[in-house]
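Before any comments, here is the structure.
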Amino acid sequence: LSWSTDIHLNFLSGAEIGAFAQRVLGDEPDAIVVTGDIAEAPSLERHIVGLYRALGRPLYFVLGNHDFYHGDIEESRQVARTITANIPDVTWLPTAGVCPLTERTALVGVDGWGDGRLGDPAGTPVNLNDFRLIEDLLAPSRAQLVSRVRALGDAEAASLSGVLERACASHESIIVATHVPPFREACWHDGKVSNDEWLPWFTCAAVGEVLRAAAEAHPSHDFTVLCGHTHSGGVAQIVENLVVRTGGADYGAPGVADVIDVA
Ligand SMILES: [Fe+2]
Ligand SMILES: [Fe+2]
């Protein structure tokens with residue numbers, strides 16, 4: 001399973017996207033997963049379909065915050081649903097439920113959202129472009145913005161909770177793809193954990209709670225989370241059977257975060 005994150009294809013030429021696809025194919029993966037920030041709303045459909053055509057192998061993905069830029073959340077999610085319905089080998093994970101990779105291992109996913117819970121959401125001077133480029137987040141006050149992103153995080157957590165239970169009933173090893181790091185410890189920035197100014201928008205604490213509860217409820221299962229969003233890589237062992245891998249990324253130079261040998 002080849003894993004890439006934050007590929008931001010809207011910053012690349014067609015030739016550069018082709019070169020990226022060739023780098024991915026060089027590892028001869030059976031399937032590819034992309035953990036969000038694929039493009040922006042107006043170009044999302046073109047880039048997902050184009051990437052799939054260049055790869056010619058099963059492509060799984062979740063959406064990141066940039067995938068909603070210059071649009072709204074439902075619009076981009078509808079694009080993802082339509083592509084999933086029309087192209088059998090392209091799968092937006094939140095709509096797909098449990099995706100078996102092998103007899104032992106299943107892939108599931110939710111987009112995730114920087115849900116304004118960790119760090120200092122009320123006082124941070126950090127304002128993401130999200131708050132002026134995503135229709136749903138054009139909130140008049142910080143308090144309203146925080147309540148909106150918390151509701152978004154809660155919806156992601158509810159969706160993950162259901163699919164994780166189903167995955168645990170049929171598989172021992174679960175790979176969870178999501179865009180936003182679900183724990184403080186996984187919110188890397190230049191080799192360190194992000195500070196309280198960035199944590200509110202760079203962690204999805206609600207999804208983290210669901211993951212921790214699932215890991216504790218299923219001690220004989222193992223859970224690997226793949227995420228991105230911070231563009232800074234690292235590995236965080238949350239509990240014995242739950243590890244979070246955050247993929248690094250550079251704008252304009254997408255790469256392979258890792259190739260995972262799925263048992
Ligand atoms: Fe990104
Ligand atoms: Fe992001």
Side-chain angles (χ1 to χ4, degrees), residues 3-12 16-17 20 24 32-44 47-48 51 60-73 75-77 79-80 92-94 109-119 121 124 126-137 145 148-149 152-153 155-156 160 176-184 186-190 193-195 197-208 225-234 236 244-258:
W3 165 41
S4 291
T5 194
D6 296 82
I7 56 179
H8 295 279
L9 297 180
N10 52 300
F11 294 122
L12 303 185
E16 288 167 328
I17 292 172
F20 165 61
V24 173
I32 294 97
V33 62
V34 182
T35 47
D37 281 1
I38 296 165
E40 294 181 343
S43 60
L44 188 61
H47 281 306
I48 293 172
L51 181 61
Y60 300 95
F61 67 97
V62 295
L63 297 174
N65 52 320
H66 282 250
D67 296 311
F68 308 112
Y69 279 15
H70 305 288
D72 64 51
I73 297 169
E75 177 189 327
S76 288
R77 288 182 171 168
V79 165
W92 180 47
L93 286 164
V110 289
D111 297 341
W113 205 281
D115 68 352
R117 286 203 162 88
L118 302 182
T124 176
V126 173
N127 279 302
L128 299 188
N129 285 331
D130 297 26
F131 311 150
R132 55 181 194 84
L133 295 180
I134 302 174
E135 192 77 33
D136 311 70
L137 298 184
L145 174 69
R148 283 182 200 181
V149 295
L152 287 162
E156 297 302 284
L160 180 63
V176 180
T178 191
H179 182 59
V180 180
F183 298 96
R184 175 190 299 269
C187 191
W188 298 98
H189 179 70
D190 290 340
V193 169
S194 299
N195 64 27
E197 297 186 348
W198 290 92
L199 277 167
W201 319 133
F202 273 30
T203 49
C204 192
V207 160
V225 179
L226 307 177
C227 62
H229 189 49
T230 68
H231 287 213
S232 217
V244 181
R245 306 182 57 185
T246 309
D250 285 314
Y251 286 108
V256 176
D258 200 4

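Indexing begins at 1, ligand by ligand and atom by atom, following the structure's order.
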Ring geometry between H66 and H8 (parallel below 30°, tilted from 30 to 60°, perpendicular above 60°): perpendicular

Ring geometry between H189 and W198 (parallel below 30°, tilted from 30 to 60°, perpendicular above 60°): parallel

Which atom of D6 approaches the Fe ion (ligand 1) most closely (N/O/S): OD2

Side-chain donor-acceptor contact under 3.5 Å, Y69 with D130: yes

Distance-only donor-acceptor check, side chains W188 and S194, under 3.5 Å: no

Test item: W92 and V79 side chains (from C-beta on) under 4.5 Å apart, heavy atoms: no

Residue [X], metal the Fe ion (ligand 2), N/O/S under 2.8 Å:
| X | answer |
| --- | --- |
| H231 | no |
| H179 | yes |
| N65 | yes |

Of all N/O/S atoms in D37, the name of the one nearest the Fe ion (ligand 2): OD2

Under 2.8 Å: N/O/S of H229 next to the Fe ion (ligand 1): no

